[in-house]
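Working notes for the structure below.
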Amino acid sequence: MTTGPGRSGLIMEEPLLWEKGQPGRTAFSLPDQDVPERSKEIDANLLGEAPDFPDLSEIDVVRHYTRLSGWNFGIDTGMYPLGSCTMKYNPKINEKMAATPGIASSHPLLDDELSQGSLQILFELQSFLASLTGMDAVSLQPAAGAQGELAGMLAFAAYFRKNGEQRNKILIPDTAHGTNPSSAALCGFKPVQIQSGTDGIIDPQVVAELMDENTVGIMLTNPNTLGLFEESIREITAIVHEKGGLVYGDGANMNAVMGIVDFKRCGIDIMHLNLHKTFSTPHGGGGPGAGPICAVEKLRGFLPTPHVTRKDGAYYLEYNCPESIGRLHAFFGNFGVLVKAYSYILSMGAKNLKKASQLAVLNANYVRESLRNDLYLAYDKPCMHECVFSDKWQQEYQVSTLDMAKGLIDHGYHPPTIYFPLVVPGAIMIEPTETENKDDLDQFIAVFKDLIREAKEDGERLRQAPLRTKVRRLDETQAARKPCLTG
Amino acid sequence: MTTGPGRSGLIMEEPLLWEKGQPGRTAFSLPDQDVPERSKEIDANLLGEAPDFPDLSEIDVVRHYTRLSGWNFGIDTGMYPLGSCTMKYNPKINEKMAATPGIASSHPLLDDELSQGSLQILFELQSFLASLTGMDAVSLQPAAGAQGELAGMLAFAAYFRKNGEQRNKILIPDTAHGTNPSSAALCGFKPVQIQSGTDGIIDPQVVAELMDENTVGIMLTNPNTLGLFEESIREITAIVHEKGGLVYGDGANMNAVMGIVDFKRCGIDIMHLNLHKTFSTPHGGGGPGAGPICAVEKLRGFLPTPHVTRKDGAYYLEYNCPESIGRLHAFFGNFGVLVKAYSYILSMGAKNLKKASQLAVLNANYVRESLRNDLYLAYDKPCMHECVFSDKWQQEYQVSTLDMAKGLIDHGYHPPTIYFPLVVPGAIMIEPTETENKDDLDQFIAVFKDLIREAKEDGERLRQAPLRTKVRRLDETQAARKPCLTG
Amino acid sequence: MRYLPHTDTEIAEMLAVTGHDQLDDLFAHIPDDCRYRGEMSLAGPLSEWSLTDRFQELAAKNYSSSAKAVLIGAGSYSHHTPEIVSSLISRSEFLTAYTPYQPEMSQGTLQGIFEYQTLTARLLGMEVANASMYDGASALAEALLMALRIARKKNTVAISAAIHPHYREVVRTYLQAESFTLIELPVKEDGRTDLSSLQNIDDLAAVALQSPNFFGVIEDLEKAGQAIHSVAALFVTCFSEPFAYGLFRSPGDNGADIVCGEGQSFGMAQSFGGPGLGMFACKAKHQRTLPGRLVGETVDIEGSRGYVLTLSTREQHIRREKATSNICSNQGICALTAAAYMASLGATGLRSVARLNYDKAAYLRNGLIEAGGKLLFNSPTFNEFVLCFPDDFEVSRERLLKKGIVAGIELGRFYKEYKNAYLFCVTETTARVVLDTVIGEACK
Amino acid sequence: MRYLPHTDTEIAEMLAVTGHDQLDDLFAHIPDDCRYRGEMSLAGPLSEWSLTDRFQELAAKNYSSSAKAVLIGAGSYSHHTPEIVSSLISRSEFLTAYTPYQPEMSQGTLQGIFEYQTLTARLLGMEVANASMYDGASALAEALLMALRIARKKNTVAISAAIHPHYREVVRTYLQAESFTLIELPVKEDGRTDLSSLQNIDDLAAVALQSPNFFGVIEDLEKAGQAIHSVAALFVTCFSEPFAYGLFRSPGDNGADIVCGEGQSFGMAQSFGGPGLGMFACKAKHQRTLPGRLVGETVDIEGSRGYVLTLSTREQHIRREKATSNICSNQGICALTAAAYMASLGATGLRSVARLNYDKAAYLRNGLIEAGGKLLFNSPTFNEFVLCFPDDFEVSRERLLKKGIVAGIELGRFYKEYKNAYLFCVTETTARVVLDTVIGEACK
Ligand SMILES: Cc1ncc(COP(=O)(O)O)c(C=O)c1O
Ligand SMILES: Cc1ncc(COP(=O)(O)O)c(C=O)c1O
């Protein structure tokens, strides 16, 4: 039996914050009161009581979060082959760079002349992303992929409004990420689902049938969420353009194609990138991310305001964009995240970024090839950054994708993405990323194979998994039925 | 059954560094080669091969140490009531201060004018420690308590040499820390053991009997390693002084008496402080520490060279100390540790340091009082910073101090110091320190009581403990018999 | 390259398994006319050391450092952050984890966010809070969309002109696509929102106020809430400075239905405006229409307490085009940071620091008034206030700038009618000597 | 105070249990004439923020920052440290742990130190290494004491005058108390140690050399070893710059019996000279006479591999006055740092960085010679070398100082006979442009 790195060991329990503490303690160092007290003059009607926060000492807070961290699993802990999420190594130096005092403490509303360092970073990152995608114009404002999609949809709407057109349907493949239809709907567009072909990609014929003058266009993810390249993308975008439509590209899977695919040549009009995926900024247990959008020339004017331009060697914020969809963020987006991506791009350079894509695709294909006799392969063709299996063969022994996922946890692996995309029942989507080495992949593969063998012989242990974690399988139904959102 | 914070959970296994890696990988960012290559000109006879280090990528190194850290237990993880070690909370801000770029990057051999910041820190710390102990002169050079003891012994030797006296015996209580006799022996002194009294402290009569003109003097720890204050210290030091001897003070337990005891008044001639105990610098899994020594005026000249003085508002290094025992450290001792202690003293101020001692003693007495009906109390009198129990009552059920210590591990506590001092067979020495709060102490006490109850009912579980840790009880005999010190 | 572990030998071995001759062959199926031509034009690769040099140079081009005093808030505040907050939250188990889809290996994040939700709800006087939104501005936009969802048939929302101008811009962006009507309520002479027109607005789903508002003025939320509820609209409040609630009554206490705002003050670097933290809370009865992620308490199969992402049927990955919002990645680590910050403050610390903000701002305000400045609005404020000056203040401002002090921000860029009025902010981080310098230079 | 958790209520409750009325009563048994009179005269208490300001002021008084180039080594070297090393080793599980007396909860430290011992032994070409000594200087002193222990009856040790002057001072300090004889071996014209007198020294337990020595010169260790062994003395070598062994043959390969030195170069900040790391290795046959702590591999009761502190019967806590040394606390976290640093370099990285040190130093050396400087010693060097100048170099040095460059250190303060000779150091951190500046200014 091959075992992964997972073991049982000693960890620490820790109550909720307000189950600790005593009134009067504090972990905050109170600054000197070097001015007269004045707050007594406040109208009693406006004055509140301090909220019911627990009072803790410094060591209480330190132990609390130190212990909580022990119940978590990050990229630094181990392999995180979460498909569609590009959980690659997040370099520590990027954190340090983003924390550079003069960068981290910059106020967003100073005059441009006083913010040349920050503006230069934004300007250069705009141009890097343009070059990476092949597109013409970039807005760094969207705070995440989904907000990038929203910005794109709003730009499409503005474009048609300007052209005096009334379009409200939008084509979205069944494999699309949930944010796609949801972002489209936020703009009042009605998603029309495109069924992907039996080979996992879209048949241009289907698009041709659905595309009409009432249709805004299409949202495409390429490589798509099955890890496959939409090989007919040129035909598809041509069809859409022919009917006056526009093409939105979901570039969340850019990690497979840096320096390999030119999205403008593919016919994309606007696309977003997930910097917290491809450009290695940490995901922070949920965020923050950054979802810049890149557009072709004809849509440049619709991008969010402001953006950064350069004149006479100085950088400044351009607000004069009459066609712009407006502002998406109180300031300039998740600047600190942008800085980390900028730092990553500078560290890698063009050559290493391309190499990263090649190795990401190599790793995915290696896993695909190594597990294909053990797990049902949803689409039998070379993949890009991720490969999708399912539990089809394991169902026979009443072992599900969920059971295998939980079984991997006991072995010290974060499970792959499961039950997504929906077109593959019981999907198991594995994206190793380029930062996993062959030895670790080999161990993962061997463990997965053994797990599958175990599933055949005795599924019960897997149905019980995980056994090693602080909590076992959680009752999600109860959580949703009687929500307890605060303590 | 009361349980401590200890639980079973998922942790990660990790091989030895050289069981990983592939030749050609690196986690080091190679600087630019901006000068011509020259190393080929080196004589082949002198040239070596690169040592047999594993080649790892950055993520390999990151995961390695992240996983290893999960097998460790620090103050931030939980309670560490290790007697004689003063494991108190180590404030994070002190680390930050010591890492201040202009401080952390200062070269030790620049001219004094170029190092005024570092020298000022040393100068002020010298005067703080003098004030804290009541002594007249301070050397910050010793890198740890033991090196401080060595420095003190060397100073004693130099003093007698100067006076033309030949003394070579030294009185050391049986409760002394092992470094005391060992440091004395390094100076060629022959330790003569003083038996402590039935009340745990030294009877001046015994000292009077042993002290003579061939005896250097005495090494005293006060409060001593039983957590008791040597109440006859004035008599003892008077006896020693009367015979022309000198008194060395082991100040490792200073945490009990800051602002409360004046060591010069007690008759101490030289003493060391453990900054990594009382002054809250982290112990780093072994070090580095800092063991400054403080001396009375008549011994000032014997302290290590150089030390820092001030003239006309500027700080400089004084090397002209003809009587000095010389240099103990390549530069000025563990400067970074000194900086943390300095930062801690500034954060606390005199009032809070005294309060810290009061609370440290309160905590120890509280534990002593709370467990005295469950564990045999070696000396039934109020304690200072720590209290010493033993397994006398548990031996009846074949449960030893070791078993209880290991049992505490499963509950998420670092065990107390055990089997030390040697005068208490099966000693259990608990030093809670002032940074543990009452709630946590209560939980610890309750767990310990339950453990003792368990010992009575069924000792086997304790004899098997720990059960939750990554490794169980280790074979120390084999380790020593067939040493394997490298892999 | 230190981030790419593959050796040439390994690449060859792996290609042998996948059945390719070389790396390029992995992309053989990509049509020629999709391919990237030539090399990408990027900078680098830089070593860690050159990178550090580069950032030092960039940082030097910013007017911002510990030696400078920027007396501007306007949505981004300088507050002290305890060293423990940064060092704890940057632990890699938190920082390098994904969204907690697998609760068994994410209890740290999940309990941490549950605590964040709870402390947020307590701060704002509300019953429930979500796991975070992108920032205060988009949170306000989503709050209005949520109000429109709750109000169903109604199509109009009104927002105060005293709300942060950028927040209002974002609201306009979010609401532009659908045929909603957005009305702006004017500002009265006292700097508070004029609600007198409410009765005349049809179809009103919600009214949004900010307090302290953009001018630093504390709105009379209690009266406002009554007026808004009296026209059967939802009462939405927002904020950009949560420290205010250490001193002033919470929005919930004043009857707000949805409360949202920016949490940057609680431990996040100003970092040129992001990442911040969209805080979002509401009454429990509306919880199923909340946007964003939610963490809920539950039990595992052995009955142990645990936490999970919950009510996900509201969300895009389940509900797709019918989701309550399109949020997927949120501001997770920022929420955790804010929780650690609130925990470090405690009730006692929050109160003290909030007081000190008030006191210091009052000191500057009074000093500048004595020196000849005039309050634009005569209402209570917290740590921001607006002043006008008899002479050209720009000259004084330039002088102060050279001394390393940015003395307020001119309001004309946001409101034409308030040209030559200056919005100042003073927090606990500004020493009195800086304030005295400003007072001394103000009307020279 | 944020580090002291006790509330007044708790103090009262606890005093009730201990049977005291007030805190002072806990000290009732302390005789009056031992008591501290008055208040201690310290500074503070300072808040976290005032503390930070204080340190900024202090740092500004040092001539040292990323903008400065200090071309001095002499026992303290400026090397690049990967960000991962600092961030990993500062994890609190490592940093805030005690000496690993309880192996079951210290396997992280223990395996880490075992790895350190192994990499150290491999670097130095030795069989075993200990868990660390205070620094290079005390390590050398302890090495000589160890040699004296091994040699039993012999009472004399000889050390090269080319060993770091401070190290020699520390040796003198450590050896002063016992009646050992310490002889200094002179330096030859080529900067290497003159071993010709060895035959004439009686009672010789050991001879110690440093390589690269204080002048940066690589000693001919192979020949030296033969000469030393031929008089039946132990061959001790030390070092202050371990990077040299990335390029030059290891001491072990040259027959050394005990090797020790300073490991600061491997990831520790220069930090005004400490904390550093005393590295210490020897042949396996001497392992039971080693000073300091040792980690050894063993198994647990279930047969799993694990690590413990071992051979502790050598140590003070067991053997007391008969211990092989008085070391208790050592430089634990520094050893762990060095291990992580060596792991980050790998064999490949160590070789490359060592080469670059050589190349850069050679560039400056050659440039300065061309500009008129003269080599004091004509022997191979690594990253340090000694030059003399025709004119007063102090003038150039002053000019360079104003440009932020410290150009070498004058040797007269260490050796009267080498007045006006300058010891330079160049590592991988110095950019060519800095070197060119020095060359340009050197002989103006
Ligand atoms: C394919 C795809 N599109 C869009 C998104 C949404 O991005 P974000 O989470 O940054 O909003 C994701 C994120 O998981 C994704 O995988
Ligand atoms: C009482 C006592 N004396 C001396 C020492 C030795 O100090 P160090 O470990 O710093 O050498 C210790 C350390 O444990 C101690 O507890």
Side-chain angles (χ1 to χ4, degrees), chain B residues 26-28 31 34-35 38-39 48 50-51 53 55 65 68-69 71-76 102 104 106 108 114 116-118 131 143-144 146 178 181-183 185 187 262 284-289 326-327 330-331 334-336 346 349-350 358 365-366 437-438 469 471-472 479 484-487, chain D residues 5 10 18 23 36 40-42 44-45 58-59 61-64 88 91-93 96-97 104-105 107-109 118 122-123 128 134 137 169 173 177 249 269 271-275 296-298 300 306 310 316-317 320-321 323 326 329-333 344 346-347 349 351 355 358 362-363 432:
Chain B
T26 186
F28 200 94
D34 58 359
V35 296
R38 284 283 184 185
S39 55
F53 286 180
D55 277 355
Y65 288 100
L68 258 58
S69 75
W71 314 340
N72 247 28
F73 186 95
I75 266 292
D76 287 10
S106 56
L114 305 182
Q116 286 296 299
S118 300
S131 176
S182 152
S183 300
C187 292
D262 180 320
R327 190 184 268 283
F331 299 108
N334 282 334
F335 179 75
L346 286 178
Q358 292 176 323
N365 277 286
Y366 183 74
N437 68 39
K438 178 172 179 295
T469 46
V471 292
R472 308 266 311 277
C484 167
L485 307 179
T486 51
Chain D
E10 289 173 315
T18 63
L23 287 173
Y36 205 96
M40 297 182 284
S41 115
L42 311 172
L58 288 165
K61 295 185 192 171
N62 278 348
Y63 182 94
S64 77
L88 291 168
R91 283 180 66 82
S92 64
E93 294 89 337
T96 74
E104 299 88 353
M105 45 190 358
Q107 285 298 303
T109 294
T118 304
R122 291 185 185 187
L123 176 78
V128 296
Y134 301 138
E169 284 183 44
T173 303
R249 274 173 67 193
S271 189
F272 209 51
E297 189 172 296
T298 185
D300 76 358
T310 193
Q316 44 76 29
H317 61 286
R320 301 180 78 85
E321 64 264 30
N326 68 335
S329 294
N330 56 17
Q331 305 285 112
I333 206 80
S344 298
R351 187 65 162 198
R355 259 189 216 290
Y358 184 89
Y363 183 82
R432 178 182 187 150

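Letters A, B, ... are given to chains in the order of the sequence lines, protein chains preceding strands, and every chain is numbered from 1. Values reported hereafter were calculated over all heavy atoms of this structure, with side chains retained and with hydrogens, waters and symmetry mates removed.
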Original post:
Are R327(B) and E169(D) within salt-bridge range, i.e. N to O under 4.0 Å?
Top reply: yes

I'd like to know if the side chain of [X] reaches the main chain of [Y], judged simply by a donor and an acceptor atom lying under 3.5 Å from each other, with no hydrogens or angles considered.
X	Y	value
S131(B)	S41(D)	yes
D34(B)	R432(D)	yes
S183(B)	N326(D)	no
N72(B)	G108(D)	yes

For chain B, find which of [options] contributes the most heavy-atom pairs closer than 4.5 angstrom.
options	result
A323(D), G44(D), A362(D), G274(D)	G274(D)
T310(D), L88(D), V128(D)	L88(D)
G273(D), A59(D), G296(D)	G273(D)
H317(D), E297(D), M105(D)	M105(D)
E10(D), R91(D), Q331(D)	Q331(D)

Subject >> Flag side-chain contact, heavy atom, 4.5 Å: T469(B) against Q107(D) >> reply: no

Considering all heavy atoms of both residues, which atom of [X] and which atom of [Y] are nearest to each other, and what is their separation?
X	Y	result
P275(D)	N334(B)	CA-OD1, 3.2 Å
N62(D)	G117(B)	OD1-N, 2.9 Å
F272(D)	F331(B)	O-CB, 4.2 Å
G306(D)	V471(B)	CA-CG1, 4.4 Å
Y363(D)	V35(B)	CG-CG1, 3.7 Å

Can you tell me which of [options] forms the most heavy-atom pairs within a distance under 4.5 Å of chain D?
options	answer
G349(B), A350(B), S106(B)	S106(B)
G289(B), A104(B), G285(B), C187(B)	G285(B)
G326(B), G487(B), A143(B)	G487(B)
N437(B), D55(B), I75(B)	D55(B)
A144(B), A330(B), G336(B)	A330(B)
A50(B), A185(B), A27(B), S182(B)	S182(B)

Original post:
When rounded to the nearest 0.5 angstrom, what distance separates OG1 in T486(B) from CZ in R122(D)?
Top reply: 8.0 Å

**OP:** State the CZ-OG1 distance between F73(B) and T109(D), to the nearest 0.5 angstrom.
**Re:** 12.5 Å

Subject >> Toward chain B, the part of S271(D) with a non-hydrogen atom under 4.5 Å >> reply: both

Original post:
Given a strict heavy-atom distance threshold of 4.5 Å, which part of L123(D) is in contact with chain B: side chain, backbone, both, or neither?
Top reply: both

